[in-house]
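Note sheet for the following structure.
Quick note: numbers below take in every heavy atom, side chains included, and nothing from hydrogens, waters or symmetry partners. Heads up: numbering here begins at 1 and tracks the sequence. Each ligand, and each atom within it, is numbered from 1 in the order the structure gives.
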Amino acid sequence: MIQMTLIQIDNYGPWTVTPTPRAEADLQILQSELYADLQRQFAAKQGLVFFTRFDNMLAITNNVDVEDHLRIQKSIGNRYPVTISMGIGAAETPYDAQRNATQALQNYGGAQSEERKEILAIDGLVNKEDSFVQIAHIDINGITDSLTDIIPAYDTSFIVNRVQHFLMKKLIEKGSLLFFIGGDNFMSPCNGLEPEGLLAIIKEIEDEINVALKAGVGKAPTAEKAANLADLALEEIRSGFTDLVHVMKE
Ligand SMILES: Nc1nc2c(ncn2[C@@H]2O[C@H](COP(=O)(O)OP(=O)(O)O)[C@@H](O)[C@H]2O)c(=O)[nH]1
Ligand SMILES: [Mg+2]
């Protein structure tokens, strides 16, 4: 089972324009500092946060308990001009876990409600024995030589975004999620997705948009370990001795 947490800034939309619209650069600084702060705190408990849309972040939080969540929430409230609410969900697939986490929080009111503040809504948590995280680290083959060093930066960025869209569309059908993590890299929480399924998706994308991908997959009780194994599996593929999808287990 995978445990996911939705982190949502309380009443952020109205706050960004009260009393008048705040400087965009300041909002960007707030969002990126909040993301880094949360990443540091969840990572200390072997979790992993994806920036998603910055005002709503999704995290894999196996091994992060209720008390840890409350401590993180309080620390943010003490140090930032905004507060956060969170929902925690557990399920067999990442899609279902984040859906459960979202529904739990939605029950307490809207993202732009003035009444809803610092809620911790719990659908369920994963216990130690059932804890399992599968992550695929997906990367575009040879982006530096074929795109980064040849075409304008914005055009490369456009292609990376298109790849993201195609991956998201195909992975969601399998109950898997996909997040952009920078460069030409994506991470997919993908409990339940077989390597053959992932390889089929990679091949479809190569046929459809002519972009070659590879994926290292890690399986472990926590996001930290699963992501690390996925990175190591990707290194194995880069060394050229394995297939385009390679799995490593703890
Ligand atoms: N977040 C993250 N970014 C990475 C990682 N590896 C590479 N990158 C980024 O992806 C870019 C391309 O690296 P890579 O895929 O190894 O090179 P390629 O062979 O030209 O595709 C790098 O310049 C980094 O910005 C990683 O493990 N995590
Ligand atoms: Mg690459």
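Counting only heavy atoms, the protein gets under 4.0 Å from atom 7 (C) of ligand 1. Inside a 4.0 Å radius of atom 1 (N) of ligand 1 there is at least one protein heavy atom. Within a 4.0 Å radius of atom 22 (C) of ligand 1, the protein contributes no non-hydrogen atoms.
The protein heavy-atom contact nearest to atom 26 (C) of ligand 1 is His137 CE1, 3.6 Å. Here the heavy atom of the protein found nearest to atom 12 (C) of ligand 1 is Asp184 OD1, 3.4 Å. The protein heavy atom nearest to atom 18 (P) of ligand 1 is Ile143 N, 3.6 Å. The closest protein non-hydrogen atom to atom 17 (O) of ligand 1 is Thr144 OG1, 3.7 Å.
Checking side-chain atoms of Gln3 against main-chain N and O of Leu125 turns up no donor-acceptor pair under 3.5 Å. Using modelled atom types, one side-chain atom of Gln134 and one backbone atom of Cys190 make a donor-acceptor pair closer than 3.5 Å. Here the side chain of Asn100 pairs no donor or acceptor atom with the backbone of Ala97 at under 3.5 angstrom. The main-chain N or O of Met1 is never found under 3.5 Å from a side-chain atom of Asp130 such that the two would form a donor-acceptor pair. Between the side chain of Ser32 and the backbone N or O of Gln28, at least one donor-acceptor pair lies under 3.5 Å.
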Stepwise ring pair (Phe, Tyr, Trp, His ring centres under 6.0 Å) test for Phe180 and His165
CA-CA 10 Å; Phe180 178 59; His165 180 89; over 10 Å; no

Please step through side-chain hydrogen bond (donor to acceptor under 3.5 Å, both in side chains) for the pair Asp149 and Thr144, ending with a clear verdict.
CA-CA 6 Å; Asp149 292 345; Thr144 310; 5.8 Å; no

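Of all the atoms in ligand 1, the ones that sit under 4.0 Å from a non-hydrogen atom of Arg238 are 6 (N), 14 (P), 15 (O), 16 (O).
With the Mg ion (ligand 2) at the apex, Asp184 OD2 and Asp139 OD1 define an angle of roughly 110° (rounded to 10 degrees).
At least one N, O or S atom of Ile140, from either the backbone or the side chain, sits less than 2.8 Å from the Mg ion (ligand 2).
For atom 10 (O) of ligand 1, the nearest non-hydrogen atom from the set Asn185, Leu234, Ile140 comes from Asn185.
Using a 4.0 Å cut-off between heavy atoms, Asp139 contacts ligand 1 through its side chain alone, with no backbone atom that close.
With Ser75 as the fixed residue, the side-chain contact (heavy atoms from CB on, under 4.5 Å) test singles out one of Arg79, Arg71, Gln73: Arg79.
Taken to the nearest 0.5 Å, the NZ atom of Lys174 stands 16.0 Å off from the OH atom of Tyr95.
When only interatomic distances are considered, the shortest N/O to N/O separation between Asp231 and ligand 1 does not fall below 3.5 Å. Where the criterion is an N or O separation shorter than 3.5 Å, residue side chain and backbone included, Gly183 fails it with respect to ligand 1.
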